[in-house]
Every structure is written in structure tokens, then in C-alpha cells.
Protein chains: 2
Amino acid sequence: MKNATDLFFDAFANKNRFNILMQLRNKEMCAGDLQKTLGVEQTNLSHDLKCLLNCKFISVRKEGRKRVYKINNETNELVDEVAKHVKNYETYLKKCGILKEEKNGRI
Amino acid sequence: MKNATDLFFDAFANKNRFNILMQLRNKEMCAGDLQKTLGVEQTNLSHDLKCLLNCKFISVRKEGRKRVYKINNETNELVDEVAKHVKNYETYLKKCGILKEEKNGRI
DNA sequence: TTTATATATGATAAAAATTTCATATAACGA
DNA sequence: TCGTTATATGAAATTTTTATCATATATAAA
């Protein structure tokens, strides 16, 4: 059985899911808007939103036939910390050479 | 070409590499001791240490025929933040259901 | 200067993650 | 209640990541 750290990174460090968390920083959005902004498949987005909901990184409320998603404060802060670290180490990350070169990419 | 966030998570969210960073929190260790403590293959450990070095998450100094590794302060702090978040969300992560069930696991 | 220990490298094999596909459900408006 | 929009589900296919293997280098001790 996986431990909590494994599960955490599976949820949080996933390209599409982290992109969602980045979008939701400091603002709420419905699934349709996330889809347009991120340019992802509807079905993938839905899978990913469910995962983030299950982990309680985000919450949701209904508004007509739309679902409006919101990131929680602690997760918002952690996303900020990570973004800061990425910025500080960007130069070295790009020169690493061991990390793979191709992938669809986060925003 | 991958962006910095992709590269960051490739380096940081990797099971073996994060285990190394956890071990190096607040203490220096040589490769051999990391190997014993983590119970990993020598060759995998070496690949992972090189990656962490390239990204400047850790540094190294020679001591006889050993290499002694040290985590940097910023990365140490980020590891702490993540560990805290994992602890806070552990219950939900384990009930997620979407995240995969089997893997070798972080420590 | 040979042997043993400590660590590194690169290619391929194995395992795991992500995407796609086919389809389902839920809410609203005509 | 029928069609349309918005979102969800599960399984299979594809892609990516991680582990293994064979071997190399570097330092020190005998």
C-alpha cells in the first residue's frame, strides 16, 4: 500500500492537476472555463477535478448546471511556495540534463 | 521543450529523490550511508544524486573516497512545508480512490 | 602497480502514469 | 418530455517514468 507522501505527489505533482491548482489561485472557476483556459479534454479535466476534490485540495458548489471550483487556503499557499522555488531554480532545472526533455507541459 | 515547473516536479516529486531529500533534512550524509538507510540500488542512487546536484537542491564535497551530500536551506524548508501538508491531508489522500494503489513507496 | 572500495554512466527492460474513447448522468429550457 | 449543455465514469491504448544491467572511473590502501 502506498504511503501518504506518494499519494500526495500523485495528486499534486501531476501536470494537469497542478495546472488546475495554478488557475484556481486566488479565484474561483467553473469546469467549462477551466477547460477553455487550460485547453484540455473535458474528460481528463473531470477526472482531475475529482481527484483534487477527493484530496480536499479544492471544493465545489453548484450554480445552475455549472460547478464552481475553489482552492483551499493551505493548498493555495503551498502552490505559491512551489512557484517561488521553481522561479529560483529555473536556470539549474533547465540545465539538469537528467530530467526528461519532452512532455506536454504545465502552463 | 518542457517548462521549469515540469522539470521541477520531475526532480522533486520523484519517489527516490524525495526520499533522499527527506534523509538529508538537517544532516549531511555520504552516498554509502544513504544507500544503506534507504535500501536502494547503488546505481539508482547515483543517478538520483546527480539529478539533485544538477538542480542545485543539494551540494557535495569530497572526503577521502567518499562524497558527502548536503541539502540547501531553501529546499530543506520546502521539504518541510510539503511534509506538513502531507500530514494535514493524509486522511483524504488515502481515501481518494483515483490515485493508484501500488508502488514501491517513499519512506 | 595491483586490488579493493566508493561512486558514476548509458542503454535497455520493466512498470507506472496519462490520454483517449465510448458512454453515462444531471440540470435547464423549449 | 425532448433536446441541449455541462460534467462524470470506467476501461483500454498510449506514452512516460523508473529500475535493471553491464561497465566505467576515481581514490586509497596494500
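Labels below follow one simple rule: chain letters A, B, ... track the order of the sequence lines, proteins then strands, and each chain is numbered from 1.
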From NE2 of H47(A) across to P of dT20(C) the rounded distance in Å is 11 Å
Under 4.0 Å between a side-chain N/O of S46(B) and OP1 or OP2 of dT7(C), yes or no? no
Just compare dT18(D), dT7(D), dT17(D) and give me whichever is closest to any side-chain atom of D10(B). dT17(D)
Please evaluate residues F8(B) and Y89(A) with respect to the criterion ring pair (Phe, Tyr, Trp, His ring centres under 6.0 Å), reporting the C-alpha separation (whole Å), side-chain torsions for both, the decisive distance (0.1 Å), and the verdict. CA-CA 8 Å; F8(B) 169 74; Y89(A) 289 82; 8.2 Å; no
First encountered from the 5' end of DNA chain C, between R67(A) and L49(B): L49(B)
Which whole-number value in Å describes the distance from R61(A) CZ to dT7(D) C1'? 16 Å
Looking only at side-chain N and O atoms, does K2(A) come under 4.0 Å of OP1 or OP2 in dA17(C)? yes
Whole-Å distance between dT7(D) P and E41(A) CD? 15 Å
Side-chain donor-acceptor pair present, D33(A), Y69(A), cut-off under 3.5 Å: no
Take atom CD1 of I58(B) and atom P of dT7(C), then tell me their distance rounded to the nearest Å. 13 Å
d(CG, L45(B); P, dT18(D)) in whole Å: 15 Å
Distance below 4.0 Å between K62(B) side-chain N/O and dT27(D) OP1 or OP2: yes
Counting only distance, no hydrogens or angles, is the base of dT9(D) paired donor-acceptor with the side chain of T43(A) under 3.5 Å? yes
Measure CD/Q35(B) against C1'/dA8(C) and give the value in whole Å, please. 12 Å
Roughly how far, to the nearest 0.5 Å, is CG of N16(B) from CG of L38(B)? 8.0 Å
Might you work through the salt bridge (Lys or Arg N to Asp or Glu O under 4.0 Å) test for E74(B) and K84(A), ending with a clear yes or no? CA-CA 10 Å; E74(B) 284 175 345; K84(A) 196 176 73 184; over 6 Å; no
Determine: side-chain N/O of N16(B) to OP1/OP2 of dT17(D), distance under 4.0 Å, yes or no. no
What are the two closest non-hydrogen atoms of I71(B) and V79(B), and how far apart are they? CD1-CG2, 4.3 Å
Which nucleotide in dT7(C), dT9(C), dA6(D) has an atom nearest any side-chain atom of R65(A): dA6(D)
Within less than 4.0 Å of OP1 or OP2 of dT7(C), is there a side-chain N or O belonging to K66(B)? no
Can you tell me if the side-chain N/O atoms of N14(B) get under 4.0 Å from OP1 or OP2 in dT18(D)? yes
On a plain distance test, is the side chain of Q42(B) in donor-acceptor contact with the base of dA6(C) below 3.5 Å? no
In this structure, how many angstroms lie between the P atom of dA6(C) and the OH atom of Y69(B), rounded? 14 Å
When rounded to whole Å, the CZ to P distance for the pair F12(A) and dA17(C) reads 18 Å
